[in-house]
Amino acid sequence: MAKNLVIVESPAKAKTIEKFLGKDYTVKSSIGHIRDMPKKDMGIDIENNFQPSYVVSADKKKVVADLRKSVKTADQVYLATDEDREGEAIAWHLLETLNLPKDTPRIVFHEITKGAITEAITSPRTVDYQVVDAQQARRVIDRLVGFEISPVLWRKISGARSAGRVQSPVVRLVVEREREITKHTTQSIYKVKAELVNDNGEVVDVKLSKDFDSKDEAVVFTTALLDAKLSVSAIEKKPSKRSPKPPFITSTLQQEASQKLGFSVKQTMTLAQGLYREGSITYMRTDSFTLSETAIEAAGAVIEKTYGSDYHQVRRYKTKDAGAQEAHEAIRPTDLTRPEIYGLEDQAAKLYALIYKRTLASQMSDAKLQRTQIKTNISNRDETFVANGEILVFPGFLSVYDYLSSDDKLLPDLSQGDELTLVNFAARESFSRAKPRYTEASLVKKIEEMGIGRPSTFATMVSTVQDRNYVTKETREGVERAFQLIEINEGKVEQSEPIENAGAEKNKLFPTSVAYLLTDFLVKHFGDIVDYKFTANLETDFDTIANQGVVWQSVVKEFYGPFHAKIEAADDISREETHGMR
DNA sequence: CAGTGAGCGAGCTTCCGCTTGACTT
């Protein structure tokens with residue numbers, strides 16, 4: 001019978017670890033957090049030094065009951081929740097709820113490999129109360145912000161139901177982007193492209209070194225070109241290289257799956273969850289670029305065997321993000337000898353293949369390129385025609401990832417002084433574009449850069465702001481727009497005004513009218529909460545709790561004083577005022 | 001006389017982060 005009980009967060013993880021540990025160990029999971037403050041009330045005794053009250057969540061009653069049973073029959077319990085702020089807190093909640101002794105061993109590992117787990121068992125520590133306290137400060141502040149501002153909104157802004165440390169800056173981003181787009185005035189310039197040909201009939205695509213501001217200038221140039229002699233004035237060749245990107249983390253997986261496969265953020269996470277559960281990939285909610293050494297070796301072996309050692313380069317990626325907590329590995333296949341999964345739902349198979357390729361590519365050598373630039377002199381003008389070519393000399397990682405053969409722009413072998421003839425010419429009006437609207441994936445990227453939100457919440461966050469009716473995802477058809485076109489046909493300058501479709505949007509995020517009102521209200525009365533640096537500043541405070549033993553209540557108190565004063569002040573604002581704002 | 005509608009009052013909403021399925025749109 002098993003004497004040792006190990007408790008982790010994820011059931012899928014529990015299964016894998018149980019295999020590694022053998023018969024003497026039972027591995028159970030908490031399925032995330034087991035306790036929280038009550039759903040309905042504030043659950044914080046503000047007068048009494050912000051004492052939070054915790055209750056076992058309704059959907060975890062069974063889990064806790066089951067764990068209690070297992071604890072009874074075990075000789076030794078190990079708390080093996082993730083090594084990050086939330087994981088430490090879960091370990092503490094387990095300790096309290098299951099009445100475990102304070103010195104219950106706490107073990108941690110950052111990868112699910114046999115080596116990492118057996119190593120962890122031999123070097124236990126105890127629960128780190130400073131880290132737990134940092135989590136409590138985080139939790140209490142989030143509750144205070146959400147539960148004090150939201151009721152103010154119910155009274156002041158019809159349609160506004162909620163505000164929070166994360167969701168409100170997210171809404172603000174979408175609103176501000178839309179305002180920029182509204183303010184944008186399109187300006188037009190004239191871009192010149194041409195096809196030149198040498199004596200052998202080889203064609204070179206060129207563009208002009210300068211754009212024109214007006215149609216008149218473009219016409220003057222085009223007319224001059226009719227009598228011009230074109231000759232190669234300079235050829236410049238230089239080697240360049242491209243390096244692979246690091247393996248996937250949650251946000252980059254969401255990005256690439258959105259761009260390359262057209263998946264929504266939620267869709268990606270659901271598919272990844274399936275792959276994780278069946279053991280095909282590592283954990284999908286992570287902010288770490290790290291690959292385990294066993295994975296690095298396995299990838300290397302596959303690369304050497306399939307492509308040869310020239311294609312292999314061991315790389316270890318480090319995060320630049322100060323807020324990353326790195327409790328897990330990067331997202332990778334668990335078996336690197338398996339490039340594809342057959343008999344699987346189509347979309348999951350595509351996502352797996354993407355993850356496989358990205359992982360393998362991250363351990364491959366640079367692609368080597370030869371860039372060539374050819375400048376062509378125009379006898380009666382100062383501008384020059386420029387042709388850029390790029391030849392793939394050695395594919396390296398591009399053999400498996402990101403390779404588009406159309407990228408290879410081959411230029412004919414020309415020499416300085418070669419005469420060229422114009423065969424095709426177009427100067428077309430092109431319009432300046434406003435910044436693009438966010439997609440779900442680009443919004444996630446943006447908030448991650450700002451250090452707001454965590455990998456486990458990226459997907460729910462983009463759906464929360466839509467559920468609250470602050471943001472809508474829309475596909476809009478463009479409108480017809482005329483543009484000026486100048487061409488050369490049979491030795492004559494010809495002008496026309498064709499129509500193009502402009503401003504079409506697919507699955508882009510738009511703010512609702514409530515979002516404008518809400519954002520303006522929050523910026524005016526709770527500027528620090530919707531400040532994009534709010535979370536980052538809090539993180540520094542949480543670090544002082546975790547690392548320097550600062551009392552968590554002092555951090556909460558310092559925040560709450562000025563914050564609550566603003567709540568009181570906001571209550572005096574008349575509803576008319578909030579409706580006059582726009 | 002029956003059906004309509006204005007007006008009033010009561011009850012409800014809410015945060016972020018960690019995990020999965022179950023269960024509706």
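Letters go in sequence order (proteins before strands), and every chain restarts at 1.
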Anything under 3.5 Å between a protein N or O and an N or O of nucleotides 23-25 of chain B, put it in a table, one pair a line.
none

Should A:Ile121 and A:Tyr25 count as side-chain neighbours, where that means a heavy-atom distance under 4.5 Å?
yes
With sugar-phosphate taken as primed atoms, P, OP1 and OP2 and all else as base, the protein-contact string of nucleotides 12-19 of chain B at under 4.0 Å (heavy atoms; B, S, -) is -BBBBBBB
Write out a two-atom table: protein N or O, nucleotide N or O from nucleotides 6-11 of chain B, distance below 3.5 Å.
none

Once ring pair (Phe, Tyr, Trp, His ring centres under 6.0 Å) is applied, do any residues pair with A:Phe50, and if so which ones, sequence neighbours excluded?
A:Tyr560
For the residue pair A:Arg35 and A:Trp92, would you count it as a cation-pi contact if the rule is NZ or CZ under 6.0 angstrom from the ring centre and within 45 degrees of the ring axis?
yes
Would you please name every residue forming a ring pair (Phe, Tyr, Trp, His ring centres under 6.0 Å) with A:Tyr356, sequence neighbours left out?
none
Run the salt bridge (Lys or Arg N to Asp or Glu O under 4.0 Å) test on A:Glu293 and A:Arg316 for me, step by step, so that the C-alpha distance in whole Å, both residues' side-chain angles and the decisive distance to 0.1 Å come before the verdict.
CA-CA 9 Å; A:Glu293 289 303 315; A:Arg316 291 180 179 82; 2.8 Å; yes
Side chains of residues 94-102 of chain A: which donor-acceptor partners sit under 3.5 Å, not counting sequence neighbours?
unit_1  : atom_1 : unit_2  : atom_2 : d
A:Thr97 : OG1    : A:His93 : O      : 2.5

Listed partners of A:Asp541 passing side chain to side chain donor-acceptor pair (under 3.5 Å), at least two apart:
none
For A:Glu86, check side chain to side chain donor-acceptor pair (under 3.5 Å) against everything at least two apart and list the hits.
A:His33, A:Gln135, A:Arg138
Qualifying side chain to side chain donor-acceptor pair (under 3.5 Å) pairs, either residue in residues 113-122 of chain A, two or more places apart:
A:Glu111-A:Thr113
Applying side chain to side chain donor-acceptor pair (under 3.5 Å) as the test, list every pair that has at least one member in residues 38-60 of chain A; sequence neighbours left out.
A:Tyr54-A:Gln136
Is the shortest heavy-atom distance from the side chain of A:Tyr470 to the side chain of A:Val174 under 4.5 Å?
no
With both pairing distances under 3.5 angstrom for Watson-Crick or G-U wobble, and | for a partner in another strand, the correct string for DNA chain B is .........................
Who passes ring pair (Phe, Tyr, Trp, His ring centres under 6.0 Å) against A:Phe510, sequence neighbours left out?
none
